[in-house]
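Some notes on the structure that comes next.
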Amino acid sequence: MSFPYQIRSVDQYKAAYEQSVRDPEGFWSSIASTFQWQKPWEKTLEWDFKKPTIKWFAGGKLNITENCLDRHLDKLGNQPAIIWEPNDPEEHHRVLTYRDLYNKVVQFANVLKNNDVKKGDRVCIYMGMVPELAIAVLASARIGAIHSVVFGGFSAQSIADRLQDAQARFVITCDGAFRGNKEIPLKSVIDDALVQCPFVERVIVLTRTRTPVSMIKGRDTWWEDEIKKVETQGSPDCPAEVMDAEDMLFILYTSGSTGKPKGVVHTCGGYMVYTNYSFVNVFQYQPGDIHFCTADIGWITGHSYIVYGPLSAGVTSVLFEGVPTWPDAGRFWDIVDKYKVTILYTAPTAIRSLMGFGLEPVQRHDLSSLKVLGTVGEPINEEAWHWYDEHIGKRKCPIVDTWWQTETGGILISNLAGVTPAKPSFATLPLPGIQPILVDENGKEVAGNGVSGNLCIKFPWPGMLRTTYGDHERCRQNYFATYDNLYFTGDGCLRDEEGNYRITGRVDDVLNVSGHRIGTAEVENAINMHTGVVESAVVGYPHDIKGQGIYAFVIFQGNMQDEKLVRLDIASTVSRIIGPIAKPDKIQFVSGLPKTRSGKIMRRILRKIAEGETDKLGDTTTLLDPGVVEEIKNGKL
Ligand code: PRX
């Protein structure tokens, strides 16, 4: 495939950027017109951030799977679409060509239809990283069902919350998943979740680990049996459902500063255009590239840069089931070597963790196929950046530091590999079509260069969220109400003298642990579920590998005979309620929390204590009981 909108020089970047601001509709419609539409759109853009209403390509009809699969069959039918590397390197890998993937998607789309899944129905997908996860996602999109993928590390309670919020009547899962030396009993977790979700009618279970599972008559069915049924029905075809550009494509739950995770909604047309456009430009994709994004499809990075972006561009994408450190810390490099990966996209936390194993696992492998390196999910520190550059890229691969969010659908700020300059720890410049703005607390623009502020975007782009599922007001409140007429990202940001952006981290009560977003309120609610806990407050602190660690201050009134055991109990309560990723790294027992006279916890003070900056606590005179601060300082872990 060729991409007329691929930017190949700094001058082209400048010209495209200028056009995208002067004539956004012209800019985006010329890109969108290169895709396969069943009917052209009537209006390129309609928007009002106050409501918010955002419509791209309204009236246009399409199906994203025709763009990811059907349109490639003639020329790329025999090219691998997905190379699947299993958890265990001894197990044989699998290659699915575009033709194979198309056949399997169509087949499973028919399975969904046989099970009465219809356009607009929500389908929850809770699976390990197997090709069938991508197949289930695409099959849902094929028939117009809305997928809601839940990361395989979330607990039964988290799944139940998401199923209830989306009122999903269908679940697709595996018996279990292999991750390193662990086996995750996915179906059993689903069974626990479903105790609270009697509205779920059908659970389709793929065999992966062949661990014993309960199969409930009338509700549960094996993936393999369902495939056999379609095979005997004979029709290998499944015409793509006609979707409006603004019909929902998927829901993906993500944490905010308050309440339970919210279901970010992306729609068919804009998301398709944006993921492809950003993929092709940021990574400077060239035919023949082998793209390896190490994220899980359970997160937005996997949705946009394993499934939709790469497949719509006709790329060969590596899908890896396992973890970077098993059987040893050379696993990523082994995969790069084995498949001659050209584009590697991973998270700073993975780089930092692998740095700790020294160079031997790297030097064992030939990494000369690599052309482009990328990072995502959190700020990358300079040390990790240089290690990545020197030891993985051998100083010949541009590194793209890509800033974006679940809500943005795709990368908004990043250098374009080898085209616009990189700067360690800076995401650098916005993609053409993206108009960032920095504002102070009062929403006043912080203009010029060499300044800091809160990062907002002032003009819509096709990949942005449209709503939060079932609660549009929450979407308005969260993203569009803080500052008038702006989308607020929740991130703090610095703009250097040359206009490069550096994202400094969240300015709200959201943590970023190993690149995963976790709300402090969510973790506190989970800790407070423990019988002995009276109250808790959670903050982040700098963590060498995870970026941020979770520090919990807990008032405990239960039996405290064995402090270590109580800590483990609290951690396992959090694990049960949210999932292992939200377990606190440190739990400090305190007799009180620093509160204002109106009862509000002063997190600023707790954050400083957790960060070890106890001499910079600022004004504590407004506290109800300033004495409590001394006690907390003295007990710091
Ligand atoms: O704080 C920013 C951080 O991750 C947040 C978005 O998290 P999530 O929706 O889970 O999506 C992660 C993958 C896109 C942002 O608000 N973040 C993401 N990328 C970067 C980053 N912080 C600094 N630099 C980045 N490149």
Side-chain angles (χ1 to χ4, degrees), residues 82-95 126-134 151-155 174-186 188-189 206-211 290-299 301-302 306 317-341 344-367 370 373 375-378 384 387-388 391-392 513-516 543-547 549 571 575 579-583 585:
I82 291 178
I83 299 176
W84 177 69
E85 172 68 14
N87 180 59
D88 184 346
E90 302 290 314
E91 187 181 338
H92 210 274
H93 71 275
R94 281 168 66 188
V95 176
Y126 184 69
M127 300 173 86
M129 283 285 282
V130 286
E132 285 76 8
L133 167 52
F151 171 62
F154 278 117
S155 68
C174 303
D175 47 0
F178 295 119
R179 274 179 71 77
N181 57 7
K182 294 203 190 88
E183 210 182 293
I184 324 277
L186 297 178
S188 153
V189 179
L206 177 84
T207 309
R208 173 65 186 124
T209 54
R210 202 50 197 105
T211 182
I290 309 285
H291 171 68
F292 177 23
C293 167
T294 68
D296 191 289
I297 294 179
W299 308 107
T301 307
I306 296 179
S317 208
V318 176
L319 200 154
F320 174 43
E321 185 183 36
V323 297
T325 47
W326 191 85
D328 62 50
R331 196 71 172 99
F332 278 180
W333 323 128
D334 178 38
I335 295 171
V336 168
D337 192 352
K338 184 166 170 190
Y339 302 115
K340 303 295 166 222
V341 168
L344 175 68
Y345 191 30
T346 192
T349 191
I351 299 169
R352 286 192 298 264
S353 122
L354 294 175
M355 278 166 71
F357 292 87
L359 291 177
E360 190 276 328
V362 180
Q363 286 162 346
R364 258 191 282 135
H365 301 283
D366 175 10
L367 305 184
L370 285 171
L373 304 177
T375 72
V376 58
E378 46 177 327
W387 189 87
Y388 201 28
H391 300 295
I392 307 306
V513 180
S514 302
H516 301 315
H543 187 288
D544 282 351
I545 291 181
K546 298 180 179 183
S575 207
I581 53 169
K583 272 199 233 174
D585 298 276

Find out whether [X] and [Y] are in side-chain contact, i.e. whether some heavy atom of one side chain is under 4.5 Å from a heavy atom of the other.
X      : Y      : result
Asp175 : Arg210 : yes
Tyr388 : Thr346 : yes
Glu183 : Thr211 : yes
Asn87  : Trp326 : yes
Val336 : Leu370 : yes

[X] side, atom [atom1]; [Y] side, atom [atom2] - distance, nearest 0.5 Å:
X      : Y      : atom1 : atom2 : value
Asp334 : Lys338 : CG    : NZ    : 6.5 Å
Phe292 : Leu344 : CZ    : CG    : 6.5 Å
Leu367 : Asp337 : CG    : CG    : 7.0 Å
Thr209 : Lys182 : OG1   : NZ    : 15.0 Å
Ile290 : Ile335 : CD1   : CD1   : 13.0 Å
Ile545 : Leu354 : CD1   : CG    : 9.0 Å

Measure up the His391 and Trp387 rings against each other and bin them: parallel (under 30°), tilted (30 to 60°), perpendicular (over 60°).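 Answer is tilted, since the angle falls between 30° and 60°.
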Can you give me the closest heavy-atom contact between [X] and [Y], atom names plus distance?
X      : Y      : result
Ile297 : Met129 : N-SD, 3.3 Å
Ser155 : Val189 : C-CG1, 4.0 Å
Gly152 : Tyr126 : O-OH, 3.4 Å
Ala384 : Met355 : CA-SD, 3.7 Å
Thr301 : Cys293 : CG2-SG, 3.8 Å
Ala295 : Ile306 : O-CD1, 3.3 Å

Can you list the residues that meet the ring pair (Phe, Tyr, Trp, His ring centres under 6.0 Å) rule with Phe320, with sequence neighbours excluded?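 Phe320 satisfies ring pair (Phe, Tyr, Trp, His ring centres under 6.0 Å) with no other residue.
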N/O donor-acceptor pair under 3.5 Å between Glu378 side chain and Thr349 backbone: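 A pair under 3.5 Å: yes.
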Look at the side chain of Arg331 and the backbone N and O of Val323, then say whether any donor-acceptor pair between them is shorter than 3.5 Å.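 Not confirmed, Arg331 side chain does not pair with Val323 backbone.
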From the options His93, Glu85, Arg208, select the one residue that forms a side-chain contact (heavy atoms from CB on, under 4.5 Å) with Glu321.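 Testing each of His93, Glu85, Arg208 against Glu321, the sole residue satisfying side-chain contact (heavy atoms from CB on, under 4.5 Å) is Arg208.
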Assess whether atom CG of Asp88 is packed by more than 12 heavy atoms of other residues, nucleotides or ligands within 6.0 Å.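 Above 12, so yes.
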Should we count NZ of Lys340 as having more than 12 external heavy atoms under 6.0 Å?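 Yes, NZ of Lys340 has more than 12 neighbouring heavy atoms, counting only those of other groups under 6.0 Å.
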